[in-house]
Amino acid sequence: MTTIKFMNGETLPLEMHKVRIVQKLQLPPVEDRLQRMAEAGNNTFLLNNRDVFLDMLTDSGVNAMSDLQLAAMMRADDSYAGSETFTRMAGKIEEIFGKEFFLPAHQGRACENILAKTFVKPGSIIPMNFHFTTTKAHIVLNGGEVVELLHPEGLQVESTFPFKGNMDVEALEALLVEKGREKIPFVRMEAGTNLIGGQPFSLENLRLVKGLCVRHGVLLVLDASLLTDNLHFIKEREEECRDWSIRRITREISDLSDIIYFSARKLGSAKGGAICTHREDLFRSMRELVTLYEGFLTYGGMSVREMEAITVGLDDAMDEDFIGQGPQFIEFMVKEFQKSGVPVVTPAGGLGCHLNARAFLDHVPQAEYPAGALAAALYLVGGIRGMERGTLSEQRDAEGREVFSSMELLRLAIPRRVFTLSQVKFVIDRVQWLHANRHLIGGLRFVEEPKTLRFFFGRLEPLGDWQEKLVEKFKADFGDSL
Ligand SMILES: *Cc1c(COP(=O)(O)O)cnc(C)c1O
């Protein structure tokens, strides 16, 4: 993606691809949306896709694929052992990461299962910049404990700090000194830190983390699922790397990591996962679990067609036009929101634009799920599906009390090459309208609350008739316009 300057001085992100396969969308009338939201229990996970106009729930497995990816899928070598497809994917991983040992898995969390089963024991401590939901679950399941050592600036919703995904290296050093390698099998760094708004770490920070790992004899594991976003921001924001190629930055990051794993639903824009390392001993320690849980070592639960698509998708991940496509749209949204006073996570990150629901709806207490209420309201006024990342996504404690989330966010994910700028502008407009009418938005309460992962299947209802009032005002302002 290129940023282009217009005659009037305005700069806009310009798409460096053309659309050749399309999927028809519909925007149901606002009255229908009101009904659909009620049927979905005010939970955007429970909406049917046919009732959604712009699906901004996630970036997982929904990037647009390229002509070259689709072409590659046709030549997949579907043999169980000795598959050419495997050889091509292994070769691409070695070319890009410089790691000769590759283990396939069916998606990111499958890699985490193998890593956790191999390295985590009861009492293990795994320091990381920040957790991801599935990562934490696998570590805890194997008796370990996650310790988040995010740079203090990382949890500031609004900030100008360019690398909010950085590790607090002083805190890491203290923990390594206190617990040592008997307790700490590896340190995990997550690229493009997902749950704090797609925020990057710097190469400098990764070097410091690696230095500590070497000094204490502990492995460094990189979760590279959101590496493309992180690469974009290192090139944009880190002085030293300004003139480096994306391949060079990738190699530098890879050389600091003992093990790299990723969800190819994100890195690779297809369906799968991978673990790679340059150390044969580590490869051997994980290998048998792949055959046990995933499949034979040449496919690991993936379809060979998807493996071919990943192989080409990894090349795309080294292309600046491709990797900038999400972040530049997100930056555009963030700038427009800042101009009109809509509270957003800053600086702009990868993955999606994150609205700060706590500030947006400062009259809705956390116990009434402001981020969930905002997600429901945005569907009502635009048919736009976002994802709640706040208290609803937490779990109650052992006594059944609410655990209030440190941030109340509504994530509007921007999968790469999927949306056009006019669609993005539509989202901006409807969010700005909601902000101007925010006093009309109220809270939610559960009518059906599952014990685990309640955000997936839970059903809620609005407190009072605020949704009818919101729709009334919408119709007064926009008339019959959708
Ligand atoms: C999505 C994701 C995972 C899990 O990958 P799946 O393919 O969904 O299993 C792990 N880590 C990060 C940072 C992710 O974003």
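Everything numeric in this text was worked out from a predicted model, so none of it was measured. Both counts, for ligands and for their atoms, begin at 1 and track the order of listing.
- Of all the listed residues (Glu190, Lys266, Lys271), Lys266 holds the heavy atom that lies closest to atom 15 (O) of ligand 1.
- Ring orientation note: the planes of Phe426 and Phe53 are nearly perpendicular, at an angle over 60° on the 30°/60° scale.
- Those atoms of ligand 1 with a heavy atom of Glu112 less than 4.0 angstrom away are 10 (C), 11 (N).
- Residues satisfying the ring pair (Phe, Tyr, Trp, His ring centres under 6.0 Å) criterion with Phe283, sequence neighbours excluded, are Phe101.
- The side-chain heavy atoms of Asn205 and Met189, taken from C-beta on, include a pair separated by under 4.5 Å.
- In this structure Phe457 satisfies the ring pair (Phe, Tyr, Trp, His ring centres under 6.0 Å) test with no other residue, sequence neighbours excluded.
- Residue contacts with ligand 1: Thr134 is placed with no nitrogen or oxygen under 3.5 Å of a nitrogen or oxygen of the ligand (distance criterion only).
- Per-residue contacts place Ser263 under 4.0 angstrom from the following atoms of ligand 1 (heavy atoms of the residue considered): 5 (O), 6 (P), 7 (O).
- Remark: Arg36 fails to qualify as a cation-pi partner of Tyr379 under the 6.0 Å distance and 45° angle criteria applied to the six-membered ring.
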Start with the C-alpha distance between Val334 and Gln338, add both sets of side-chain angles, then the distance that settles side-chain contact (heavy atoms from CB on, under 4.5 Å), and finish with yes or no.
-> CA-CA 6 Å; Val334 166; Gln338 282 183 308; 3.9 Å; yes
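- With a 4.0 Å heavy-atom cut-off, ligand 1 is reached by the backbone of Arg109 and by its side chain too.
- At least one N or O atom of Gly108 sits closer than 3.5 Å to an N or O atom of ligand 1.
- The shortest N or O to N or O distance between Ser60 and ligand 1 is not under 3.5 Å.
- From the protein, the heavy atom lying nearest to atom 11 (N) of ligand 1 is Asp223 OD2, 2.7 Å.
- Nearest protein heavy-atom neighbour of atom 6 (P) of ligand 1: Gln107 NE2, 3.3 Å.
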Audit row: Phe102, Phe97, ring-ring contact (aromatic ring centres under 6.0 Å, His included) steps and yes/no | CA-CA 11 Å; Phe102 154 52; Phe97 296 111; over 10 Å; no
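- Every N/O-N/O distance between Thr135 and ligand 1 stays at or above 3.5 Å.
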